Amino acid sequence: MDMFSRLANEGLWLILILSLLPLLASLIVGLIVSLFQALTQIQEQTLTFVPKIFATILVIMITAGWMMDTLREFSIRAFDLMLKVSVTR
């Protein structure tokens with residue numbers, strides 16, 4: 001049972017780490033655009049969406065290889081654990 005809780009804990013941390021980079025990029029771009037809007041007194045609500053989407057897509061494109069490798073390694077460990085449990089029962 002300890003193996004499953006460790007795997008679940010690792011999965012939650014993996015979700016947090018993999019989602020951190022795109023969310024952080026979106027946060028930074030949103031902050032910069034909001035600061036620009038405050039300085040220029042442009043009050044367009046939809047202006048922040050396009051740069052945040054571009055930044056998020058760019059970060060995902062840059063880090064996609066690392067994200068997929070990390071997910072693949074986690075999946076291999078999870079399936080190995082499932083096979084190990086099914087063999088011992």
Side-chain angles (χ1 to χ4, degrees):
M1 195 64 166
D2 182 48
M3 293 183 294
F4 293 117
S5 62
R6 193 174 337 127
L7 187 68
N9 187 21
E10 186 180 344
L12 291 174
W13 275 107
L14 186 64
I15 291 170
L16 181 70
I17 290 170
L18 292 180
S19 64
L20 181 68
L21 291 174
L23 289 174
L24 193 61
S26 179
L27 175 76
I28 291 171
V29 169
L31 185 66
I32 291 171
V33 170
S34 295
L35 184 63
F36 174 74
Q37 283 181 325
L39 292 175
T40 59
Q41 295 182 353
I42 297 174
Q43 297 302 319
E44 180 63 35
Q45 296 295 324
T46 59
L47 185 64
T48 61
F49 292 118
V50 174
K52 286 184 353 183
I53 289 172
F54 282 145
T56 304
I57 290 172
L58 181 66
V59 167
I60 290 174
M61 286 173 51
I62 291 171
T63 61
W66 170 74
M67 287 182 179
M68 289 304 294
D69 287 341
T70 308
L71 279 173
R72 184 175 37 85
E73 290 171 8
F74 176 75
S75 298
I76 289 170
R77 280 195 304 275
F79 286 121
D80 284 344
L81 178 64
M82 287 182 221
L83 286 174
K84 188 186 304 182
V85 168
S86 68
V87 169
T88 58
R89 289 186 183 219

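Below, all heavy atoms of this structure are taken into account, side chains as well, without hydrogens, waters or symmetry copies. From a predicted model like this one, the values you see are computed outputs, not experimental measurements.
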**Student:** Is the closest side-chain heavy-atom distance between Leu27 and Leu23 below 4.5 Å?
**Tutor:** no
**Student:** Quick check: does any side chain N or O of Thr70 sit under 3.5 Å from a backbone N or O of Trp66, one acting as donor and the other as acceptor?
**Tutor:** yes
**Student:** Is there a path of hydrophobic side-chain contacts, each under 4.5 Å between heavy atoms of I/L/V/M/F/W/Y residues, joining Val29 to Leu21?
**Tutor:** no
**Student:** Atom CE in Met82, atom CG in Leu7: separation rounded to 0.5 Å?
**Tutor:**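 Here the interatomic distance stands at 7.5 Å.
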**Student:** Rounded to the nearest 0.5 Å, how far does CG of Leu58 lie from CD1 of Ile53?
**Tutor:**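 CG of Leu58 is found 13.5 Å from CD1 of Ile53.
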**Student:** CG of Leu24 to OG1 of Thr56: how many Å apart, nearest 0.5 Å?
**Tutor:** 10.5 Å
**Student:** Calculate, to the nearest 0.5 Å, the distance between atoms CD1 and CG belonging to Ile15 and Leu71 respectively.
**Tutor:** 9.0 Å
**Student:** Please report the interatomic distance CG(Leu39) to OG(Ser34), rounded to the nearest 0.5 Å.
**Tutor:** 10.5 Å
**Student:** Test of understanding: clusters of I, L, V, M, F, W, Y form through side-chain heavy atoms closer than 4.5 Å, transitively. Do Phe4 and Phe74 belong to the same one?
**Tutor:** yes
**Student:** Taking all non-hydrogen atoms of both residues, which atom of Thr63 and which atom of Val59 are closest, and how far apart?
**Tutor:** OG1-O, 2.7 Å
**Student:** In the structure I gave you, are the side-chain heavy atoms of Asp69 and Arg72 within less than 4.5 Å of one another anywhere?
**Tutor:**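 Counting from C-beta outward, Asp69 and Arg72 do come under 4.5 Å.
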**Student:** Are Phe49 and Ile28 connected in the hydrophobic side-chain network, where two residues link if heavy atoms are under 4.5 Å apart?
**Tutor:**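 Different hydrophobic clusters.
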**Student:** Work out which heavy atom in Gln37 is nearest to a heavy atom in Gln43; give both atom names and the distance.
**Tutor:**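 Nearest heavy atoms, Gln37 then Gln43: O-NE2, 4.2 Å.
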**Student:** Verify the cluster assignment for Met67 and Ile17: are they in a single hydrophobic cluster under the rule of side-chain heavy atoms below 4.5 Å apart?
**Tutor:** yes
**Student:** If you round to the nearest 0.5 Å, how far is NZ of Lys84 from CE of Met3?
**Tutor:**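 Going from CE on Met3 over to NZ on Lys84, the span is 6.0 Å.
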